[in-house]
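Notes follow once the structure below has been shown.
Atom set for the values below is all heavy atoms of this structure, side chains included, hydrogens, waters and symmetry mates excluded. Since this is a predicted model, take the numbers as computed values, not measurements.
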Amino acid sequence: LAAARTRPNLTVRGGAPVDRVILDRGRAAGVRTADGEDVFGDRVIVSAGTYCTPPILLRSGLGPADELRALGIEPVLDLPGVGRNLADHPAVSVDVAYAGAGRPQRPFQLVATSHSARADEHRGPPDLQLIVGGPFDNRGATTGATFFVGGALLKPRSRGRVWLRSPDPLAAPRIDLGYFSHPADLPRLVEAVRRAWRAARAKPLGALSAGMVNVPDEDTDQAVEQFARAHVWTYHHPVGTCAMGSAPEAGAVVDAAGRVYGVDDLWVADASIMPDVPSANTHLPTLMLAERIAALLRGRLSPRE
């Protein structure tokens, strides 16, 4: 924001978490902060992310009506998709002791994508990714420096959700990533773990290894499945909790321009509007969404474009 700091139409408020969107006769008129201050404007663009945008909408009365009533929130608009459809990339690492001398350096990562043997369509997006990073100087650890080879599932079918634990704007939401709730996901992640394990033992990575630190007990489906369940981590690529689509009754929250269904002058511009998780890391796709919605709001594009 450095280049924009001096603009008269820009105010940056730090330490001001948003409670809800102020709705007035079917339109967004502003926002209310957690300390009760009302800030008004001609339009509201919520960009709080996949985990925090749904709670703002829910506290505003936009979401599954029955769930809102159970929390004492009066529903304004029944939007069943708010907080649903959470998708994320699960990943599992094989950790390897580094044979060289540990030294402070920037972590270096490379990625490679591929199709699993169970991929529905090998001409479609790849559904697996391999990641390598390190070496890291684990000071105080008995293993010394380590590096990792990880396997990630890029096209999970499992879905989770985000929902309120209370109407309190300072209360963290509940999050269920839903990993492995679809039976097709764990076998494909097991395949990714096997590929990572094989890559860690093969040249040239094998020549850098001083022994495996964290690997499955044996190369059987059951052992690798247990390893994957025990060591799965989030790749921090959550999307989908305010999904873009054409049918609000089927779970869509925003239209093709990022406008919230049923409310005028209210947009969402963050990764929560992606209806499915991309077959890639999500930083650049999120920037693309922001640039596109900005162009739509400034009249440089029409929704058809």
Side-chain angles (χ1 to χ4, degrees), residues 45-54 81-93 109-133 150-162 175-182 184-189 191-193 195-196 228 232-247 250-259 267-296 301 303 305:
I45 305 165
V46 183
S47 299
T50 297
Y51 293 145
C52 292
T53 286
V82 176
R84 304 284 178 168
N85 192 52
L86 172 61
D88 184 32
H89 292 150
V92 176
S93 295
Q109 286 193 6
L110 294 173
V111 300
T113 57
S114 63
H115 292 92
S116 70
R118 297 173 176 82
D120 293 333
E121 178 56 74
H122 281 206
R123 290 173 296 178
D127 60 340
L128 299 183
Q129 185 188 76
L130 290 186
I131 322 141
V132 61
L153 179 61
L154 294 181
K155 299 302 290 183
R157 299 182 190 175
S158 298
R159 292 295 183 266
R161 69 183 184 117
V162 176
I175 300 170
D176 177 10
L177 290 170
Y179 285 166
F180 311 137
S181 57
H182 193 288
D185 286 357
L186 184 56
R188 291 185 294 151
L189 187 58
E191 185 177 342
V193 173
R195 293 186 186 186
V232 65
W233 45 270
T234 171
Y235 208 168
H236 299 293
H237 296 159
V239 306
T241 53
C242 294
M244 181 182 290
S246 59
V253 177
V254 303
D255 66 11
R259 294 173 296 207
W267 283 260
V268 175
D270 58 38
S272 71
I273 71 174
M274 299 181 194
D276 192 14
V277 63
S279 185
N281 295 32
T282 49
H283 178 64
L284 291 179
T286 304
L287 294 183
M288 179 276 292
L289 282 174
E291 293 286 356
R292 180 170 179 81
I293 291 175
L296 288 166
L301 289 173
E305 293 176 299

- Smallest separation among heavy atoms of Cys242 and Pro54, with atom names: SG-CG, 4.0 Å
- Query: About how many Å separate CZ of Arg188 and NE2 of His182, when rounded to the nearest 0.5 Å?
  - Reply: 8.5 Å
- Message: Suppose we screen for ring pair (Phe, Tyr, Trp, His ring centres under 6.0 Å). Which residues come up paired with His237, at least two apart in sequence or across chains?
- Response: His89, Tyr235
- Item | From Asp185 atom CG to Arg157 atom CZ, the distance as rounded to the nearest 0.5 Å | 7.5 Å
- In this structure, OG of Ser93 is separated from CD1 of Ile131 (nearest 0.5 Å) by 6.5 Å
- Nearest heavy-atom neighbours spanning Ser158 and Gly178: CB-O, 3.1 Å
- Listed by chain and number, what are the side chain to side chain donor-acceptor pair (under 3.5 Å) partners of Tyr179, not counting sequence neighbours? Asp88
- Any Pro125 side-chain heavy atom under 4.5 Å of Leu154 side chain: no
- Note: Leu189 and Leu153 closest approach over all heavy atoms is CD1-N, 3.9 Å
- Closest non-hydrogen atom pair, Ala196 against Gly150: CB-C, 4.0 Å
- Roughly how far, to the nearest 0.5 Å, is the CG atom of Leu287 from the CZ atom of Arg292? 15.0 Å
- Note on the structure: Sequence neighbours excluded, the answer for salt bridge (Lys or Arg N to Asp or Glu O under 4.0 Å) partners of Asp276 is Lys155, Arg159
- Item | All side-chain contact (heavy atoms from CB on, under 4.5 Å) counterparts of Asp270, not counting sequence neighbours | Thr53, Val268, Ser272
- How far apart are the closest heavy atoms of Ala271 and Thr286, and which atoms are they? CB-OG1, 3.7 Å
- Message: Which residues pass the side-chain contact (heavy atoms from CB on, under 4.5 Å) test with His236, not counting sequence neighbours?
- Response: Thr234
- Message: With rounding to the nearest 0.5 angstrom, report the CE to NE2 distance, Met288 to His283.
- Response: 12.5 Å
- Sole candidate of Asp176, Asn85, Leu86 that passes side chain to side chain contact (heavy atoms under 4.5 Å, CB included) when paired with Val162: Leu86
- For residues Leu296 and Trp267, determine if any side-chain heavy atom of one lies less than 4.5 Å from a side-chain heavy atom of the other. no
- Message: Applying side-chain contact (heavy atoms from CB on, under 4.5 Å) to Asn281 and Gln129, what does each step give before you reach the verdict?
- Response: CA-CA 10 Å; Asn281 295 32; Gln129 185 188 76; 3.3 Å; yes
- Shortest non-hydrogen contact from Pro156 toward Val277: CD-CG1, 3.6 Å
- Nearest 0.5 Å please: distance from the CD1 atom of Ile175 over to the SG atom of Cys52. 7.5 Å
- Task: Report the residues that fulfil side-chain contact (heavy atoms from CB on, under 4.5 Å) with Arg195, sequence neighbours left out, ordered by chain and then residue number.
- Result: Ser114, Leu128, Leu130, Glu191, Arg198
